[in-house]
Amino acid sequence: MKMQAIDNVSYKEVGVESQKSLLLFVFWPFLALITALRDFRTKESKIVIYFFLILFGATYYLGNPDFDSFHLYEKFDMTSRQSFSEWRVENIDNIIDTAPDIVQPILLFVLSRIDSSPAFLFGTFAAIFGGVFLISINILASKYSLESNINAKIYFTFFLFINPIFNINGFRFWTAAWIFFIGAYFVVVNRDKKHLILALSSILFHASFVVPNIILVAYVTFGNKDKIYNILFSLSLAIPEIFRSQLSVVEKYMLPRMVEKYFTYTNPLFIERTYELQENLKWFMKVQRYGLYYFAIFMLFYLKYIHKKNQKISINNNLFSFSILFISIINFMSWVPVMGRFRTLFYLFAFTFMISVLSEYKSKKIHPTTSLGLVPMSFAVIIALRVGSEMTNIWLFFPLAVSFIAAPTSLYEVLISLF
C-alpha cells in the first residue's frame with residue numbers, strides 16, 4: 001500500500017512537470033522540449049514534442065539549393081500561382097500516365113490556396129511527418145520495457161535517428177517509410193491484416209513503396225519460413241543480380257511514368273555514376289554505411305540463435321523472419337542504386353527486433369556486441385545531425401518570439417563561423 005501511494009505521488013509529480021513543460025513551450029519551446037523528454041509517457045510531453053517538431057518545420061531553413069526541399073518549395077510557389085484547371089491538367093488529368101503517389105501534389109495545391117509561405121508548407125509537412133514519427137516511437141516505448149536493459153535503451157535511442165525529422169527534406173519517401181512501418185508492424189507482429197490498408201497507403205506518398213508492400217504481402221502469404229529466407233539471404237549476398245532478367249516481366253505491369261523512372265534508375269550510366277559517388281565517400285561515411293548494415297545483420301542472427309533456447313526469453317520470430325525476407329529482396333535489387341534507401345526501412349524492423357529481445361533482460365551493463373555497434377551507430381547519428389544542421393534554424397533554440405522575428409540562419413552556418 002505504501003509503495004502504491006508513493007507511485008501515485010510520483011506519477012502526479014510527473015504530470016505536474018509535464019503540464020509545466022506545456023506552458024513553458026509558449027515562451028521557450030526548446031527548454032520545454034528538454035523538460036518533456038524526461039518522461040515521454042505522459043500526454044503533455046508528447047504534445048510538447050509534437051509541437052516542437054512542427055516548429056522545426058515552420059522555421060525550416062531553405063538556404064541550400066541542392067536540397068530537395070529547395071526545389072519542392074519552388075514547385076509549391078509555382079502551384080500557388082496556378083488556377084485549379086491548370087493544376088488539374090498537370091496533376092489529375094494525366095494520373096493514368098503518372099505514378100500513383102498523389103498525396104504531395106494534392107497537398108501542395110490545397111495548402112497553396114491557404115498560404116504560400118515556406119513556414120506554412122514545411123510546418124504542415126512536419127505536422128504530418130511528426131505525427132507518424134511519434135506514433136512509431138510510441139509503439140516501441142509502450143510495448144517494450146526499455147528501462148530494464150541499457151542495451152535496449154541504446155538501440156531505442158538510435159532508432160530515433162534512423163528516420164528523423166530532418167527527412168522532411170524528402171517528404172514523400174520518408175513519410176511513406178513511417179506509414180509503411182506502422183502498418184507492417186501490426187501486420188507482422190500482431191497478425192492484424194487490417195493494417196495492410198495502412199501499409200498499402202504508403203504507395204500514395206511514394207510509388208516505390210510498391211516494392212516493400214509486395215514483400216509484406218509475400219510474408220503474409222508464406223509466413224515464417226526461416227530456412228527458406230536464410231537461403232534467400234545467402235543467395236542475395238553471393239549473387240544479388242540473380243533475378244535481374246525477371247524484372248522485364250514486372251515492367252509490363254508498370255504505369256508509363258513508372259517505366260520511365262525504371263529506365264532512368266537502371267540506366268548503366270546512372271548506375272556507374274552512382275557507384276563512383278559511393279566509392280568517393282569519406283571514410284567515416286563508409287564506416288556508417290557498411291558497418292551499420294553488417295552489424296544489423298549480425299545482431300539479427302546473434303539474438304535469434306543465441307537466445308532461442310532461453311525459455312525466459314520470447315523471441316519475436318515474426319519480426320526476425322520479415323526482416324530477413326525484406327533485406328533479401330532488397331539485396332536482390334541492390335544493383336539499382338536507389339533501392340539502397342530501403343535499407344533504412346530494414347533498419348527500422350531490425351532494431352525493433354533487437355529492442356524486443358533485449359528489453360526482456362534486466363541488465364545495466366553494456367554488452368560487447370552493443371559496444372561494437374556503437375561505432376557505426378554513432379557515425380550515423382553524427383551524419384544525420386550534420387545534414388540536419390543545414391536545415392535547422394538557429395533561432396529554434398531561442399524564445400519563441402525570436403524564432404519568427406530574427407532573420408533565418410542555419411545552425412550549420414553559425415557553427416562554421418565559430419570554428
Side-chain angles (χ1 to χ4, degrees), residues 2-60 119-120 122-150 152-168 174-175 178-179 181-182 185-186 198 348 351-352 355 359 381 384-385 388 392-405 411:
K2 290 182 180 180
M3 181 63 72
Q4 184 178 3
I6 292 173
D7 289 342
N8 288 337
V9 170
S10 62
Y11 182 78
K12 289 179 180 178
E13 289 176 350
V14 170
V16 170
E17 288 298 317
S18 299
Q19 291 173 6
K20 287 181 180 178
S21 65
L22 194 57
L23 182 62
L24 179 60
F25 185 90
V26 179
F27 301 99
W28 202 319
F30 183 63
L31 292 184
L33 175 69
I34 295 174
T35 304
L37 289 174
R38 293 177 181 176
D39 194 340
F40 178 75
R41 293 171 297 174
T42 65
K43 180 178 69 175
E44 292 82 4
S45 293
K46 293 172 185 176
I47 292 174
V48 168
I49 295 169
Y50 182 57
F51 282 172
F52 189 83
L53 295 177
I54 296 175
L55 183 61
F56 170 83
T59 59
Y60 189 91
F120 182 63
F122 290 103
T124 303
F125 280 0
I128 298 170
F129 183 98
V132 290
F133 172 71
L134 287 178
I135 290 172
S136 302
I137 298 305
N138 191 55
I139 289 172
L140 271 63
S142 60
K143 187 174 179 65
Y144 306 113
S145 178
L146 301 172
E147 299 299 324
S148 63
N149 190 296
I150 184 64
K153 189 180 293 186
I154 290 172
Y155 294 136
F156 176 76
T157 301
F158 175 70
F159 185 89
L160 303 178
F161 289 92
I162 294 177
N163 186 15
I165 186 63
F166 308 131
N167 283 347
I168 61 170
W174 300 113
T175 303
W178 279 127
I179 292 172
F181 173 78
I182 297 169
Y185 177 88
F186 287 108
L198 180 60
L348 292 178
F351 277 88
T352 298
I355 293 167
S359 63
V381 171
L385 293 174
T392 301
N393 194 328
I394 186 63
W395 306 117
L396 179 67
F397 304 104
F398 287 75
L400 184 60
V402 179
S403 301
F404 293 99
I405 295 174
L411 173 62

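Excluded from the calculations below are hydrogen atoms, water molecules and symmetry mates; all remaining heavy atoms, backbone and side chain alike, are included.
- The backbone N or O of Leu411 sits nowhere less than 3.5 Å from a side-chain atom of Asn393 that would complete a donor-acceptor pair.
- The minimum heavy-atom distance linking Ala119 with Ala58 is given by the pair CB-O, 3.1 Å.
- Summarising the local packing, CZ of Phe166 is surrounded by more than 12 heavy atoms from other residues, nucleotides or ligands at distances under 6.0 Å.
- With a 4.5 Å cut-off on side-chain heavy atoms, Leu55 and Phe404 count as touching.
- Ring orientation note: the planes of Phe51 and Phe25 are tilted relative to one another, at an angle of 30° to 60°.
- Taking the six-membered ring where tryptophan is involved, the planes of Phe158 and Phe351 are tilted, since the angle between them lies from 30° to 60°.
- In this structure, the side chain of Trp28 engages the main chain of Phe397 through a donor-acceptor pair within 3.5 Å.
- The aromatic rings of Phe156 and Phe159 sit parallel, their planes meeting at an angle under 30°, below the 60° perpendicular limit.
- When side chains are defined from C-beta on, Leu400 does not count as touching Phe27, because their heavy atoms never get closer than 4.5 Å.
- Residues Leu198 and Phe186 have side chains not in contact (no heavy-atom distance under 4.5 Å, counting atoms from C-beta outward).
- Ile154 CD1 to Ile355 CD1: the interatomic distance, rounded to the nearest 0.5 Å, is 11.0 Å.
- Taking the side chain as every heavy atom from C-beta outward, Thr59 and Phe122 never approach each other to under 4.5 Å.
- Taking the side chain as every heavy atom from C-beta outward, Leu53 and Phe133 approach each other to under 4.5 Å.
- Counting only distance, with no hydrogens or angles, the side chain of Ser359 and the backbone of Tyr144 share no donor-acceptor pair below 3.5 Å.
- Taking 4.5 Å as the limit, some side-chain heavy atom of Phe181 sits within range of a side-chain heavy atom of Thr352.
- Distance alone, capped at 3.5 Å, places no donor-acceptor pair between the Tyr50 side chain and the Leu134 backbone.
- From Phe398, atom CZ reaches atom CG of Leu31 across 11.0 Å, with rounding to the nearest 0.5 Å.
- Contact check for Trp178 versus Leu348: side-chain heavy atoms found under the 4.5 Å cut-off.
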